[in-house]
Enquirer: 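Got a structure for you, questions after.
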Amino acid sequence: GSGTPVLASLVVTPNPITLQLGGSLRPMVEARDASNNVIALPTLTWSSSNSNSAPVDPTGMISGVAPGQATVQVQSGSVTRAVSVTVQAP
């Protein structure tokens with residue numbers, strides 16, 4: 001079957017993520033089609049439910065700025081993956 005592979009899921013590693021206060025991490029993302037084959041990574045949009053604790057930048061770098069919990073979402077088109085992030089106090 002030729003044609004452009006269609007994104008079916010995003011796999012984020014590690015998930016969940018634990019950060020130390022002041023630490024940062026860019027998780028690895030794999031894009032997969034409906035047959036679970038790895039395909040070229042599309043343009044991703046990142047967002048955090050709690051930017052006071054664990055903001056995320058446009059490249060996917062998550063920073064631990066205050067102890068707490070956040071859900072970071074990575075999205076491409078209609079496909080989203082939620083990542084649970086915990087920032088621990090030292």
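Position 1 is the first residue of the sequence, and the numbers go up from there. Just the heavy atoms: all of them, side chains too, but no hydrogens, waters or symmetry mates, feed the values below.
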Enquirer: Considering non-hydrogen atoms only, spot the tightest contact between Leu7 and Ala31 and give its length.
Expert: CD1-CB, 3.5 Å

Enquirer: Closer than 3.5 angstrom, by distance alone: can the side chain of Ser53 be matched with the main-chain N or O of Ala66 as a donor-acceptor pair?
Expert: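 Yes.
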
Enquirer: Same cluster for Val83 and Leu41 if Ile/Leu/Val/Met/Phe/Trp/Tyr side chains link at under 4.5 Å?
Expert: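 Yes, Val83 connects to Leu41 through the hydrophobic network.
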
Enquirer: Of the non-hydrogen atoms in Pro58 and Trp46, which two are nearest, and what is the gap between them?
Expert: O-CD1, 3.5 Å

Enquirer: Please determine whether side chain to side chain contact (heavy atoms under 4.5 Å, CB included) holds for the pair Leu10 and Leu44, giving the CA-CA distance in whole Å, both sets of side-chain angles, and the decisive distance to 0.1 Å.
Expert: CA-CA 10 Å; Leu10 294 167; Leu44 300 173; 4.0 Å; yes

Enquirer: List the steps, then state whether side chain to side chain contact (heavy atoms under 4.5 Å, CB included) holds for Val56 with Ile62.
Expert: CA-CA 4 Å; Val56 62; Ile62 305 165; 3.8 Å; yes

Enquirer: For a quick test of reading the model, state the closest non-hydrogen atom pair linking Ala8 to Asp33 and the distance between them.
Expert: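 In terms of heavy atoms, the two residues are closest at CB-C, 3.5 Å.
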
Enquirer: Minimum heavy-atom separation for Met61 and Arg26, please, with both atom names.
Expert: SD-N, 3.6 Å

Enquirer: Would you check if the side chain of Gln75 reaches a backbone N or O of Gly77 as a donor-acceptor pair within less than 3.5 Å?
Expert: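 Here the side-chain-to-backbone pair exists.
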
Enquirer: Could you pull out the closest heavy-atom pair between Thr71 and Ala82, with the gap in Å?
Expert: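 Answer, listing the atom of Thr71 first, then Ala82: CG2-CB, 3.8 Å.
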
Enquirer: Indicate the atoms forming the closest heavy-atom contact of Asn50 with Ala70, along with that distance.
Expert: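 Closest approach of Asn50 to Ala70: CB-CB, 3.7 Å.
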
Enquirer: Does Ser48 reach the main-chain N or O of Ala54 with its side chain, forming a donor-acceptor pair under 3.5 Å?
Expert: yes

Enquirer: What is the distance from atom CD of Gln69 to atom OG1 of Thr18, rounded to the nearest 0.5 Å?
Expert: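 Nearest 0.5 Å value for the CD-OG1 distance: 8.5 Å.
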
Enquirer: Is there a side-chain contact between Leu25 and Pro14 (heavy atoms, below 4.5 Å)?
Expert: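 Yes. Closest side-chain heavy atoms under 4.5 Å.
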
Enquirer: Does any part of the side chain of Pro5, heavy atoms only, come nearer than 4.5 Å to the side chain of Asn37, both counted from C-beta?
Expert: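 Not in contact.
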
Enquirer: Could you walk me through whether Val87 and Val65 satisfy the side chain to side chain contact (heavy atoms under 4.5 Å, CB included) test, starting with their C-alpha distance in whole Å, then the side-chain angles of each, then the deciding distance to 0.1 Å, before giving a yes or no?
Expert: CA-CA 8 Å; Val87 181; Val65 297; over 6 Å; no

